[in-house]
Structure formats: structure tokens, C-alpha cells
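Below: the structure, in C-alpha cells.
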Amino acid sequence: MIDQLPALIIVAPMLGAFLTPIIGWRYQHLCYPWTLLVLTIPLYSAVGALFKVIRSGPFGYNLGGWAPPWGIEYRIDYLSAIMLVLIATIGFLAAVNARPAGKTEFKGKEAQLYTLFLLQITGLLGIVITGDLFNIFVFLEITSLSGYGLIAHGEEGAPMATFNYIIIGTIGASFYLLGVGYLYMATGSLNIADLATILPALYHSKMILVGFAFFTTGVAIKMGLFPLHIWMPDAYTTAPNSVSTLIAPLMTKVAAYLMIRILFTLFAPDFAISVVPVATILGWLAVIAIIVGGVKALAQTDIKRMVAYIMVAEVGYIVMGISVMNRAGLTGAILHIINDACMIFCLFLTIGAISYRGHGREINHFQNLSKKMPLTMAAFVIAALSMCGIPPACGFFSKWYLIMGMITAGQWIFAATLLGSSLINAVLFFRIIEKAYLAPPESQGHNHTDHEAEEIERNDAPLSMMIPIIMSALAILLLGLFSGKIIDAVIQHAVPAIF
Amino acid sequence: MTEYFLAKYNFWIYVVLMMIGLYAMMGKRNLVKKLIGMNIFQTSIILLFVSAGVKKGGATVPILRHSDYGSVHAEHLIRVADYLNPLPHVLMLTAIVVSIATTGVALATLILIYKRYNTLEEDEIMAIRKDIRSYKTPRILRSKD
Amino acid sequence: MGEVIYSAKPLWAVLVSMVAAFLILLTGDKARNLREGWTILAALIKFGLVFSLIEPVLAGKTIEYTLINLLPGVALQFRVDAFGLLFGVVAATLWIPTSFYSIGYVRTLNEHAQSRYFFSFAMCLSAAIGVAFAGNLLTLLIFYEILTIATWPLVIHHEDESAINGGRKYLVYTLTAGCILLLAIGITYSLAGTLDFVGGGFLAGHGSPGLLIILLIMFIAGFGVKAGIMPFHEWLPSAMVAPTPVSALLHAVAVVKAGVFGCVRVILFVFGPQLLHELGVWTILAGVVAFTVVAAGLLALGQDHLKRRLAFSTINNLALIILGVSLLSKNSMTGGILHLANHAFMKITLFFCAGAIYVKTHKDHVSQLDGLGRQMPFTFAAFAIASMGLCGLPPVNGFISKWFLCLGAVETHQLVFLFVILTSAMLDVAFFFPIIYNGFFKKPLPDVAGKIDEAPLIMVIPLCATALFSIIFGIFPNAFLNFFNIVRLAVTNVLGG
């Protein structure tokens, strides 16, 4: 049983997804518990895999018993193990959260919601676990297709946003596929570990260079790196609240994971430094992404759209950490993948809960929200402070490593951009906190005493939304306090040894 | 020069197809045309993969008869040039499935869009959405009344 | 440094008010007495914990507690040395009178959002003790940032236009400072590979002089914002819109002192006197600070709003502390560090008085205080004592610290700075004594004449107590809390021998 853990991570949610419509055909209300039940399996297996990796190092699993490089190999090393745990956890919590909002957003189509939900998680897990380039493409498309289906159910502008996402996402996936094609034509292999040994001899071949360019562009589209981010704010803003909690935190992070895989595992790190100047280009793109994301976010009054633009900047953080090509920077990037997933998750959860209770998404209408939904707003504040990089929330620590990376590389402009961006975040979030925590101007008379506060009815999020919200807020604090432990146990091994 | 082009004509065909697809996706304002462009784009990649597996000179599918297999031990080596590489083709089966699924989802989305806005012209949709955002009766719907 | 004791006491001292903060929030407005009980209980326990650390520290020991590893070689670590203990003792001691005073203040004025108020207050104290006991720069920064955020709800407490603007200004200044500090600490870490405070500094021998000077500027700018060094002082008078107890404890003791504390930590425990002498920047540093001393004194003269005047006096005194330390001589350091404690006692008295006057009369301008001294004799007597101390008159404790500061300035043959210190004392006289004179000897304004008496006892007793202690510490600097010995030990730790 323990030997089959890696297969179980993928097979369980996939089979679960196929069975969901059958169950939902007669008993729609059973889909939700069924989904939760199914998702416990990858969660359990992913945690098991992580502990196995920590105990005895990376391991492989040959799907169907075919030995690599011919068969498809599932390869679980430190990086993919922690990503698996991240995806399985957030996936599970997002599923817990999905029901209340899903009931209205997917009226009568809950079976479809949970089917696509499970497929999406399957795809995300698959991208991370597999060691085969083409297999990654397939999982990437499973993720994207289920994502298109989910997003299209959203509000007024969702179909249009979905269509744009389909077009641009397909270009990204096709570019990725082209990259696979070029590499395959040059080497005849699709296994990442195998390719990593073959490629160094061919680094100056044009075939490889073109393939590499297609790879990075394709992945950059999927992760929404500036200037290829145009699909992202629309898609994540219009997506239904029940699923944006799943797609938004994880999709970009998994693409960032792919970027790290390609730059550091598939190719040797010095390829991106000396052979093609891609590291420099990525770094400057990240600078622009951070600035543009921050400035665009400042202009928004819709909180969900604002967070979507902040995500553009956060992607910039991760890419910047990758681009400096040193240990601290990459540690920061990997840590930020984890931390940012938690922060964005928490933000989208609270936004979902606020909308669910009928307070909309207009920042200007958030008055007194802290009294109506105190726990939700407390979680929001924790996530917001983490975004601004206030310790001991986790955002501070990833920022610390990123800054250390910039200092080591002597990239002062990058460092200044990072710091400036956390100030922009502070402006963005304190604007909301001010609104939500301070009484509206009309009630400011002489006698604003305690009894006035009691008039406002307290109506916090329902339990199934509250649990993920509290868990994610706690995770933000715990990830911060234990970031040293996480780095010691996992991330430092995920960084290539040559740094 | 001509030879250079002709020697790798499959590459050039794929590049031309890809550019056509890209142009349609980016330049056209009609959503169905964009979708068609996307299909051309995907097809061009499939073409590249399939052509990469081709070998000239009578190469055939790599199915070894038992006698051939036995003859390996009899020191008759299997010549690589005699057999096609099936893997790119197999991969493309998956890619075709993916592309059809994408087309299906895109078409479903288009139906959704058409139901909502009564048009598939991007400019008109943008105008309607702008009106909806500013709480006005959409221009196009007004003109049809 | 001497023996190291491993004990969780510093951690408990930090945690006790954090736990209390959440208990306060849980109790809420429904059981007000219970809620205030948590505050008082936490204040007493915290004082007990901190007090129990004095003896071992004076015996030359260091109390250490490592919570968790944050980076290679840097942990979330508490290390209590003499200097940190001084700040810790001051903050913990003054929290007790402030707690009583706050209760009286918010209840008399029937303030809104009292739970939030006490919650933030307790969090601030937690963070301030964390700053005091931090064993390295990163731990210091973590608590420093928590302090920044926890103070914000107090600054905007009134929730009106000027409060919100003051809060915004406060955040812009302090968060920017936090970013600069983060960068500076990052550079320090990449240079030295460690962030642990060492008496006499650890940066010597790392990095080029140019880089070190830039680093020093970044540090001083980062911590100087909270300490109100000019030109970063703008937020402090604006933040005076906060309720008076907040101004009292936070803007006289915890928050701004955390900034000063950070500056001193950097000057003495990161760079060290030796290195600063080598870099030759200490005169420039002292010059900038001296400018702040004089300019803040002059600006204070022009303020009619009582709390704003006190705010500028705070800026003036904080700069005086840093001036003492940056002169780098033994006596000036003693004076500076001692002033950190003494100023806290005097300034908190002044703010308490301002609050008591406001509670009774709703008057907060200097020009409106005529004749109130005869109606509120205890309040104005305390006010007079504290102002005399700030002017450096014996027997109040301000005299001792200013005496050492002057000695230090003479010792370094920098008579300019002696002049600055004396000028500032003169300015203090000029902006405090009119208030006392008007209060006692002028005719009261018609609308208050004969109608006003003392503020509630729960407010008057704390302010009399702090005034009394100012005198006691002026005559016996080692009474009760051993301030003078602690300061001496802190200076010895830095200079050695």
C-alpha cells in the first residue's frame, strides 16, 4: 500500500471525478461529502510522501511498471513533495469551502462543480508529481480545461473572460508542447531526469535553444508573468467564489513550480545564466510585473480584482527570486510559492465569505464589516499583514530570503522594487482595513457609545467557510514561525547543490 | 537557399500555419474566427510532431515478427532506419484529444456568450459590457427593441 | 560577558500581555470589570517577571531563551542584558500606573471601542518588551513591526478625519522605516553572517567604510523615524490625536523609546564605539541629532495645543538621548541611557496631567489653562515637578541625566554639544514655565471658574505616583529598581572594563 502512494495521489481524485456525475445523477447532495472523502486520499498520501522524502530522500515510481526513460515515471523529490502537500491541503480546504457559495453559483449543477473540482486538483497534482515532460503537458491541459469550465460559471463577464483565457492558455500550452517537441527531436527522450543528463552536451544546439524559449514562454503565460498576464485579472475576478479559492492560489504557483523545474532540473542552472541571458530578462520582467501589478491594484475598487492584480505582482516576486540565480533567492522563491498560495487562498476565502453574506466586493461598501463578520475580518487582516510583510506572518520571511537573494546578487533595484511593493500592499490593504474597522462617518456624533455597536447584527460566515478561513489564517502565522524548520527540512534540499 | 527551404519544408509549413493561427487569434475580432485560428495553431504543432516521426526510404511500423526478434540473438541487428518512431504519433493522439476537448469547451463558452449578448463580435460585446457595468440598458439590446 | 542563564522568563514576560490581549478581546464589553482585571493582572505579572530579572543581570549574568531558528545562525531569541533590561523595566513599570489611569480615562469620557483599545494596548506592551529583550536584530525587527501595527488602532482611536489622517501618516512613516530596516539588516547579515548583539559591536572588519556609512544611515533612518529624529519627526505630533493615555505610554515610553532603543542598539551593539570612531561619522551623527534637539525645542515654543507641545518636547528629549550615546564617551553614554528611563517617568506624568485636565475641562490648549492650578492642585503640582525635571533642575531625576550628558560633552571637548544641551534646557524652561505660571497665578477663564475640581482618584493617583518617583529617582537613583547600576553595567558592557 505504502509503495503505491504516488499513484494513489493521482488515481484517487481522477476516479473520484469520474464517479461524481454518476453519484450526482440521483443523489446530488451526496457529491459534496463524496468529494471531501475522495480528497482525503491525496492529502494523506501527499503527507506520507513528504515524510518519506524527508526520511529517505527523493524516490521514483514507475507507472504501470515501465522503467524510465520509456515508461512514465512519477518522481517525488523535496520540491514536488512539498508542492503536493500544498496542493492537496489547499484543494481539500477549498472543497470544504465550496458548498455554500456553490449552491447558488452552480444551481442544479453541483455534480458538475465537484467533477471539475476534482479534475482540477488531479491536474495540479499531476503536474507536480510526474517526471515526464509530455505527461506534464497532459496534466497542464486537464487543469486548464477544468479551470475553463469552472470559471465560465461565474458572474456576468465570466464567459468572455473564459474565452480569452482559453485562447491565451492554449497558446501557452501549445508553446509548451512545442518545447517538448524540439527537445524530443534533439534527444529522443521525454523523461526529465534522463534529459538532464543528455542535454548539457547539446546546450549550444539551436534546436535546444528554440525549445527552451518555447518552454519558458509557455510557462510564463500559464503563470501570468507580465506582459502575459492579461488573461489573469479578468478570469480570477469573474470566476465563481466557490472555485476561485482553488484556481487562483494554485494555478500560478504550479506554473511557477514548472518554471523552477525547467530552469534548474531540466536544464543546469548555468544554462540560463551563461548560454542565454534569460535570467536577466526574467528579472527585469519581474520588476515591471511588480510595479504594474501594484499600480493597477491601486486603481481598483473591486476587492477581488484588486487581489487579482496583486497576484500579478506576487508572480513577479517569485520570478525575481528565481532570476537572481543564487541560494537565498531561490529559497525565497520556493518559500514564497508556499506562503503566497496560503495568503492568496486566505484572501479569496474571506472575499468569498464577504460576498456570500451579501456585502458585495466594493471596497467602499465595507463599512462596519468588522462588527458584522469579526472572525472573517480578523483572518483577512492576518493575510493582509502578511502581504505587507509584517512579521511574524509568513510573508515577512519569504520577503527576507528574497531580499537576501537580491543583496547577494547585488541587484539593488530589484531589492528596492520588492520593498516598494510591500509598501504599495500596505496602502492597498490598510485602505480596506480602515473601511472595515472604522465606523462610517454619519455615526460619528458625540455619543458613539457601546450600545450602537450592538445594533449591528453579527452574521459571520457559515461553518464550512469558517473552518478553511481560520485554518488558512493560522497557517499563515505557523508558516511564518516555522519557516526556519521548513527550510531546514525541505527547501534547502530542493535548491540545486551547486549554489 | 532553395534547398535549405526544401530540405526542411515540414518546418516551414508548420511555421506558416502557426503564424496564420496566431494572426487569427490575435487579429480577428470575431470570436469564432479566433477559435478557428486556435485550431489551425494546434494543428500546425501536430503536423510538426507527426513529420518528425517520418523516415524516408521504406521505413515501416516497428512491429517485429517473432522470427525477427529471434534473429536478434542470431546477430541480425535491427536497423533503426527500417522502422518509424511511433512515439511522436502516439503523443499526438493525446494532443489531438486535448485539442478537441479545448475546442469543445471553447464552443460551449461561445454558446454561453451568444446567449448572453446576442452577438459574437468582440467589439459589440465590449460595448454591451461597458453599458452593463454603468447600469444602463445595453445599446445593442436597445436598438433591437 | 559573564555567565548565561537559560530561562523562559523573557518569553513569559512577552507572552503574558499577549495572552491578556486575547482574553480582553474574548471578554469584550459585556464584563468590563473582568476585562480591566485582565489588564491589571497582566501588568502586575509582567512587572514581577521583569523585576525578577534585575538581580541576575546586575550580578553580571545574561538571561537567554531561544525559541526557534529563523535563519542559519539567527534564531528568534531573547537575550536580556543590562541595556535591554533597562528599557524592559521602564516599560513594565509604567504599564501599571497607565493601566489604572486608562481605565479612569476611558470610563470618564465614555469612550467607544474600549475592548479594541485595551487589546491594542496589551499587544503594544508585549511588543515593547519583545523589542527590549530581543537578542538579535531580526528578533528586534519582528517585535518592532508588531509594535508598529499594534499602535495603529490606538492612533486612529477617535475614528474622525484627523485621527485617520494621523494614522495614515503614522503608517507611511513607520512602514517605510520598516522596509529600510529590513534591507539594512539583510545587508548586515550578508556582511557579518550574524545578527546577535555584542557589546561594542560586531560589524568591525566587515565591508568597506563607504558601505558601512550607508548602512549606518539606513539604520538610523529606520529606527530614527520612531524616535522622531528630524526630518522624520512629522508623524509624531500628528499622532497626538490619540487618546491621552496612549500618548502617555506609547508616545513617551514604548513606541518612541523603541525607536531610540533601536538607534542605541545599532550604535553601541552593532557598530560599536570603536568602529564609529574609525569611520569618523560620530560627529556628523551627533550634529544631526543636536540640530533636532534645538529645532524641536524652538518648534515646541510655537505650539498652543498642549499635547503637540509635549510631542515636540518628546522629540527634543529623544534626540538628547541619542546625542548622549553618539558622543561615545563614558559619561555621555551614561547620561543618555539614564535619560531614556528618566524621561519616561517625567513625560508620562506630563501626559497624564494633560489627560486629567482634558477629562475635567475638555480643554487642550495652553492658552486655556489659566488659573486651573488652583482648582486642580495635585495635577498641576505633578505637572510642575515633571517640567522642572525636564528642564534639568534638581532634585528631579532629569537633573542627573542632564548632568552626565554635560559631563560627557565636556569630556569629549565638544563644547558645541554642551551648548546645545544647555540651550535645550533653557528652551524647556521657556515652554514649560508659562504653563505653570498661568495655571497657578492667572485668573481662571469665566467658564471654568469655581466649577472644576480634581479628576477622579484613579487618574490622580497614578500621575502623583509617577511625579513622586521622578523625585525619588532624582535623589536616590538606585532606589527600588537600581536604574543607575543597570545603566553603569550597560555602559561597561559596551566599553569593556
Side-chain angles (χ1 to χ4, degrees), chain A residues 328 331 370-371 374 378 381 384-385 388-393 396-397 399-408 410 412 415-416 418-423 425-427 430-431 433-435 437-441 443-444 446-454 480-485 487-488 492, chain C residues 25 28-30 32 67-72 74-76 109-116 127 130 138-150 152-153 156-161 163-164 167-168 170-172 174-191:
Chain A
T331 307
S370 64
K371 297 197 178 85
V381 169
L385 292 182
C388 311
I390 307 290
F396 172 79
F397 292 95
K399 204 168 76 177
W400 167 266
Y401 281 101
L402 289 173
I403 295 264
M404 287 306 297
M406 306 306 138
I407 291 172
T408 316
W412 301 107
L418 269 180
L419 293 173
S421 157
S422 47
L423 287 180
N425 279 353
V427 173
F430 273 96
R431 194 174 58 163
I433 295 172
E434 247 177 28
K435 267 274 162 3
Y437 276 82
L438 304 188
S443 79
Q444 278 170 9
H446 281 289
N447 53 345
H448 44 194
T449 43
D450 292 351
H451 68 268
E452 243 178 65
E454 286 159 26
L481 286 175
F482 292 95
S483 61
K485 285 242 154 58
I487 287 168
D488 276 349
Q492 62 159 335
Chain C
L25 212 56
D29 287 326
K30 292 188 184 69
R32 286 165 59 174
L67 199 59
I68 198 168
N69 247 337
L70 295 176
L71 316 167
V74 180
L76 188 61
L109 286 180
N110 206 0
E111 285 284 348
H112 68 136
Q114 294 187 7
S115 296
R116 181 180 80 195
L138 195 62
T139 313
L140 179 65
L141 178 70
I142 288 175
F143 284 103
Y144 192 77
E145 293 272 40
I146 295 177
L147 185 61
T148 305
I149 297 301
W152 181 69
I156 57 150
H157 183 80
H158 286 312
E159 298 186 3
D160 53 12
E161 186 100 19
I164 289 176
R168 284 184 188 156
Y170 166 77
L171 277 183
V172 168
T174 48
L175 287 180
T176 313
C179 282
I180 295 172
L181 279 180
L182 180 64
L183 190 57
I185 293 173
I187 297 173
T188 310
Y189 183 64
S190 71
L191 285 181

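Below, chain A is the first sequence line, B the second, and so on; all start at residue 1.
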With a 4.5 angstrom heavy-atom cut-off, could you sort out which part of [X] is near chain A: side chain, backbone, both or neither?
X: C:Ile142; answer: both
X: C:Leu141; answer: both
X: C:Leu182; answer: both
X: C:Ile185; answer: both

- Evaluate the criterion side chain to side chain contact (heavy atoms under 4.5 Å, CB included) for residue pair C:Trp152 and A:Glu434; output intermediate values, then yes/no. CA-CA 10 Å; C:Trp152 181 69; A:Glu434 247 177 28; 3.7 Å; yes
- Query: Side chain, backbone, both or neither: which part of A:Phe482 has an atom under 4.5 Å from a heavy atom of chain C?
  - Reply: both
- Task: Measure A:Thr408 against the heavy atoms of chain C and call it side chain, backbone, both or neither at under 4.5 Å.
- Result: neither
- Sidechain-backbone polar pair: C:Tyr189 side chain, C:Val74 backbone, donor-acceptor under 3.5 Å: no
- Please check if the side chain of A:Thr331 supplies one atom and the backbone of A:Gln492 the other of a donor-acceptor pair under 3.5 Å. no
- Message: At a heavy-atom distance under 4.5 Å, which candidate from A:Ile403, A:Ile390, A:Leu385 has the highest pair count against chain C?
- Response: A:Ile390
- Given side chains that start at C-beta, do those of A:Phe430 and C:Ile149 come closer than 4.5 Å, heavy atoms only? yes
- Message: Does C:Leu175 form a side chain to side chain contact (heavy atoms under 4.5 Å, CB included) with A:Cys388? I'd like the steps, not just the answer.
- Response: CA-CA 9 Å; C:Leu175 287 180; A:Cys388 311; 5.6 Å; no
- Any chance you could lay out the side chain to side chain contact (heavy atoms under 4.5 Å, CB included) test for C:Tyr170 and C:Ile156, step after step, and finish with the verdict? CA-CA 10 Å; C:Tyr170 166 77; C:Ile156 57 150; over 6 Å; no
